[in-house]
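Everything on this sheet refers to the single structure shown next.
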Amino acid sequence: MRRLRGAGVFVTVAAGLAILAPTAEAQVGGGTWTSDSPGYKVQNVGCGSTSGLTFKLTCSSGSGEQRAERRYDTYTGGTHQFEGSFKISSMTGSRISLKQTFRDGSDAGPYFLLAVEKGGRMYAVEGGATLGSGATVGTSVRVNTINQVGSSHKVYLNGSLKQTISSPSGSYYDKFGSYRTSSGAGPITVTWSGVKFWHK
């Protein structure tokens, strides 16, 4: 039996049989990670629309629920990492949430929301802390969140740690796309790429 490492995969060769298994090389967080492929549901409400990994809010309404998102499967316990890059192709609105970590179960509701203002400022909706800048039209931004359930939730932008908050025990799930915050409005068109999930 031979074990060869190729570009992004381990190849085990035994008696003419090749088995491919994905490597788990997360870009932040350190340590050994196991790749995940959680299921998801597309959620379009109000003037939200989704086409693949492109999410649009087509109206400028500052009221009602306006969102276009992917909602991924719930997890409980452990340490879970999300990675993905977003690029805004048009935005005449402001204060739109792009990545969310939600609590599920008896404490269901938004826990962390990363939002963007028209000028490119990225901030945490809860508390309003500035997490970064430069999320302007045509610029790609990589987002990583690491949720160690019962310990901490960390947010990285382009590989730099920007926020660490307490993570209560319980169940969570990831969402991304475009979502009008209570003080925001569209329109916006944003495309995500390189979406990955891990756990350890």
Side-chain angles (χ1 to χ4, degrees), residues 26-30 33 36 38-43 45 48 53 55 57 65-88 93-117 120-135 140-184 186 188 190 192-200:
Q27 295 193 52
V28 301
W33 295 84
D36 285 331
Y40 66 87
K41 295 180 180 178
V42 174
Q43 299 179 332
V45 180
L53 287 172
F55 305 86
L57 299 182
E65 191 174 3
Q66 316 295 339
R67 59 189 173 104
E69 300 174 302
R70 281 190 180 187
R71 189 272 201 213
Y72 281 80
D73 292 342
T74 298
Y75 58 83
T76 302
T79 302
H80 299 261
Q81 181 171 176
F82 162 89
E83 178 179 291
S85 296
F86 70 83
K87 182 184 290 186
I88 299 169
S94 189
R95 303 184 69 81
I96 306 297
S97 178
L98 302 181
K99 166 63 176 75
Q100 306 169 34
T101 305
F102 260 64
R103 298 197 69 187
D104 206 357
S106 60
D107 296 314
Y111 161 68
F112 167 78
L113 290 83
L114 171 68
V116 63
E117 292 180 336
R121 172 181 173 256
M122 293 172 281
Y123 67 98
V125 173
E126 181 66 29
T130 296
L131 302 183
S133 60
S140 181
V141 177
R142 178 162 57 89
V143 179
N144 294 73
T145 58
I146 299 178
N147 189 15
Q148 185 176 356
V149 179
S151 179
S152 65
H153 181 277
K154 297 181 178 182
V155 181
Y156 296 78
L157 298 177
N158 293 326
S160 297
L161 179 62
K162 298 298 184 179
Q163 183 189 60
T164 302
I165 58 176
S166 176
S167 174
S169 60
S171 299
Y172 294 82
Y173 58 90
D174 291 297
K175 299 177 78 173
F176 66 85
S178 58
Y179 172 78
R180 185 189 74 81
T181 67
S182 60
S183 59
I188 186 173
V190 59
W192 282 83
S193 62
V195 176
K196 302 174 184 176
F197 297 86
W198 298 275
H199 76 273
K200 67 177 181 178

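Everything numeric here is computed off the predicted structure, so don't read it as measured data. Values below: every heavy atom of this structure, side chains too, minus hydrogens, waters and symmetry copies.
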Testing Arg70, Arg71, Arg67 for side chain to side chain donor-acceptor pair (under 3.5 Å) with Gln43, which one passes? Arg67
Within the 4.5 Å heavy-atom criterion, are [X] and [Y] side-chain neighbours or not?
{"X": "Arg121", "Y": "Val116", "answer": "no"}
{"X": "Leu161", "Y": "Val155", "answer": "no"}
{"X": "Val125", "Y": "Tyr179", "answer": "no"}

Kindly determine whether Leu98 and Val190 satisfy side chain to side chain contact (heavy atoms under 4.5 Å, CB included), including the steps that lead there. CA-CA 8 Å; Leu98 302 181; Val190 59; 4.2 Å; yes
Short side-chain donor-acceptor distance under 3.5 Å, [Y] and [X]:
{"X": "Lys162", "Y": "Thr164", "value": "no"}
{"X": "Ser85", "Y": "Arg142", "value": "no"}
{"X": "Asn147", "Y": "Tyr75", "value": "yes"}
{"X": "Thr145", "Y": "Tyr156", "value": "no"}
{"X": "Arg103", "Y": "Ser171", "value": "no"}
{"X": "Asn144", "Y": "Gln81", "value": "yes"}

List the steps, then state whether ring-ring contact (aromatic ring centres under 6.0 Å, His included) holds for Phe102 with Tyr111. CA-CA 5 Å; Phe102 260 64; Tyr111 161 68; 9.7 Å; no
Would you find more than 12 non-hydrogen atoms of other residues, nucleotides or ligands less than 6.0 Å from Glu65 atom CD?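 More than 12 heavy atoms, drawn from other residues, nucleotides or ligands, come within 6.0 Å of this atom.
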Is there a ring-ring contact (aromatic ring centres under 6.0 Å, His included) between Tyr72 and Tyr173? Walk through the geometry before answering. CA-CA 6 Å; Tyr72 281 80; Tyr173 58 90; 9.8 Å; no
Approximate separation, where rounding is to 0.5 Å, of [X] [atom1] and [Y] [atom2]:
{"X": "Glu69", "Y": "Asp174", "atom1": "CD", "atom2": "CG", "result": "11.5 Å"}
{"X": "Ser167", "Y": "Gln148", "atom1": "OG", "atom2": "CD", "result": "8.0 Å"}
{"X": "Thr181", "Y": "Gln100", "atom1": "OG1", "atom2": "CD", "result": "10.0 Å"}
{"X": "Ser178", "Y": "Ile88", "atom1": "OG", "atom2": "CD1", "result": "10.0 Å"}
{"X": "Asn158", "Y": "Met122", "atom1": "CG", "atom2": "CE", "result": "6.5 Å"}
{"X": "Thr79", "Y": "Trp198", "atom1": "OG1", "atom2": "CH2", "result": "14.0 Å"}

Single hit among Phe86, Phe112, Phe55, Phe197 for ring-ring contact (aromatic ring centres under 6.0 Å, His included) with Phe176: Phe55
Considering all heavy atoms of both residues, which atom of [X] and which atom of [Y] are nearest to each other, and what is their separation?
{"X": "Ile96", "Y": "Gly186", "value": "CD1-N, 4.0 Å"}
{"X": "Lys154", "Y": "Ser152", "value": "CE-OG, 4.0 Å"}
{"X": "His80", "Y": "Trp33", "value": "C-CZ3, 4.4 Å"}

Evaluate Ser183 against Arg95 for side chain to side chain donor-acceptor pair (under 3.5 Å), listing each step before the verdict. CA-CA 7 Å; Ser183 59; Arg95 303 184 69 81; 2.6 Å; yes
Go through His153 and Thr101 one step at a time and tell me if the side chain to side chain contact (heavy atoms under 4.5 Å, CB included) criterion holds. CA-CA 9 Å; His153 181 277; Thr101 305; 3.0 Å; yes
